[in-house]
Amino acid sequence: MHLSACQPFKLDLGWLQGQAFRWTKREGWFYGIVEGNLIKVRQAEGGIEFHSNASEESLKPLVISYFRLDQDITPTHKALRKAGLGDLVDKYGGTRILRQDPWECLIAYACSRNNNVERITAIVDALATRYGECQTLDGVTCHSFPSAKCLAEVGKEELERLGFGLNRAELISKLAQDVAARELPLDDLTHCSHEEARCRLMKYPGIGQKIAACVCLFSLHMDDAFPVDTHIGNGLKRRFGKEYTPVAKNARLLAWARDKFGAHAGYAGQLLFLEGRHSKGG
DNA sequence: GACCAGGCCGCTA
DNA sequence: TAGCGGCATGGT
């Protein structure tokens, strides 16, 4: 099925994996899970083409939302050019901030501390392969991400065995229990203020400013969230002379970003991230 | 063994 | 509030 997208829009593994980790590319198609369904997508004239074994008609609104095909990106680009990121808009303007499933997003970024993208992908994928639902599309196999209820029953020892490490296993086990019991009603956080969502997430030891911001940005529809990692910090320093501390707790930095990029801070960060990873050869 | 990955936390001033 | 150091966890 063909879906048109507000332009510019360009699928690329760089920004897909930079946000959602588990997308793969085979023979020109990108394979990934959207709302529990394995789909394949590729760039098409004026938008994308996607296919699934599930009803494409019923998946259509989900796919549009996931890739934000209906988002008019022009105001964002205009704001970022004004803020001095015009070259990045030229380079990475086809990027979108995805609307991921909050549960998988939370777990993936909860693994991001002391870790790299490849390893995060590997352990999240190991979890899905072991406990998710196996799906096949045109010979490509992919597993949906296991539910919170499922992971709550798995237990932290098993998570540790899967390669999460002791601390991450404990954190993820706790998150699974609370999400399953709706102590942490993830879907409801979409309707909270950015501040409240952030605080709810940061109550968990192991989830700080950066990870909470990633979850807010990539799955809770909060485009003004501004996660600062090493790449983004380096980019800020290079371009704007901003001091960056690894804790990213620098309230002044966040205030500066809010002032500079406003509602588009998330996009600014994402383009800086892509530049940072790209320049490192990734 | 050093250094690096999309950090977090607690202590101190 | 910010600055600093300790800790984390495999891989190269």
Side-chain angles (χ1 to χ4, degrees), chain A residues 12-23 88 92 95 97-98 100 102 104-127 156-175 195 198-220 222-223 225-239 242-258 261 265-282:
Chain A
D12 183 87
L13 210 53
W15 65 263
L16 282 174
Q17 288 183 335
Q19 295 178 46
F21 300 102
R22 295 209 296 142
W23 283 92
L88 296 185
Y92 304 112
T95 302
I97 303 289
L98 299 172
Q100 301 180 46
E104 178 170 352
C105 183
L106 172 63
I107 297 308
Y109 282 95
C111 297
S112 65
R113 183 179 161 205
N114 306 323
N115 217 337
N116 58 54
V117 171
E118 288 70 27
R119 258 188 80 222
I120 296 167
T121 305
I123 57 180
V124 171
D125 212 42
L127 194 56
K156 63 183 178 187
E157 292 78 11
E158 166 70 355
L159 293 174
E160 209 182 335
R161 270 195 294 277
L162 283 170
F164 282 82
L166 177 61
N167 286 22
R168 283 197 285 259
E170 281 179 348
L171 170 60
I172 284 156
S173 192
K174 173 66 175 160
L175 288 169
E195 197 50 37
R198 225 157 47 103
C199 290
R200 291 290 295 271
L201 294 169
M202 286 173 59
K203 277 185 183 157
Y204 292 85
I207 295 184
Q209 293 272 2
K210 156 64 170 64
I211 292 171
C214 283
V215 176
C216 287
L217 178 62
F218 296 132
S219 73
L220 298 179
M222 296 169 184
D223 282 1
F226 192 66
V228 181
D229 59 36
T230 49
H231 298 308
I232 295 175
N234 291 338
L236 289 174
K237 198 166 186 178
R238 200 165 51 243
R239 287 168 175 271
K242 282 283 136 189
E243 287 298 320
Y244 166 65
T245 60
V247 283
K249 234 178 188 176
N250 191 331
R252 275 185 309 186
L253 173 60
L254 294 179
W256 173 87
R258 202 161 40 238
F261 307 118
Y267 270 96
Q270 196 51 205
L271 299 197
L272 287 163
F273 172 75
L274 290 171
E275 179 192 39
R277 276 207 88 203
H278 191 71
S279 65
K280 292 272 284 186

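Atoms considered below: every heavy atom in the structure, side chains included; atoms not considered: hydrogens, waters and symmetry mates. All chains are named by letter (A, B, ...) in the order of the sequence lines, taking the proteins before the strands, and each is independently numbered beginning at 1.
Nucleic acid contact class of I211(A) (heavy atoms, under 4.0 Å, all strands): sugar-phosphate only. Counting any heavy atom pair closer than 4.0 Å across all strands shown, N167(A) reaches sugar-phosphate atoms only and no base atom.
Protein atom CG of N115(A) is 9 Å distant from nucleotide atom P of dG7(B), rounded to whole Å. In this structure, Q209(A) atom CD and dC8(B) atom P are separated by 8 Å, rounded to whole Å. At whole-Å resolution of the value, CG in L201(A) and P in dC9(B) are 12 Å apart.
To the nearest 0.5 Å, the span separating CZ on R239(A) from CG on N234(A) amounts to 12.5 Å. Atoms CD and CD, from E157(A) and E170(A) in turn, are 9.0 Å apart once rounded to the nearest 0.5 Å. The line from SG of C216(A) to CD of E195(A) is 9.0 Å long, rounded to the nearest 0.5 Å. In this structure, CZ in F218(A) is found 4.0 Å from OH in Y109(A), a value given to the nearest 0.5 Å.
For residues 114-123 of chain A, the set of pairs meeting the side-chain hydrogen bond (donor to acceptor under 3.5 Å, both in side chains) definition, not counting sequence neighbours, comprises N115(A)-R119(A), E118(A)-R277(A).
Look at R252(A) and you'll find a side-chain N or O under 4.0 angstrom from OP1 or OP2 of dA2(C).
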Any N/O pairs under 3.5 Å between the protein and nucleotides 10-12 of chain C? List them or say none.
none

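With sequence neighbours left out, the salt bridge (Lys or Arg N to Asp or Glu O under 4.0 Å) criterion links E104(A) to R22(A).
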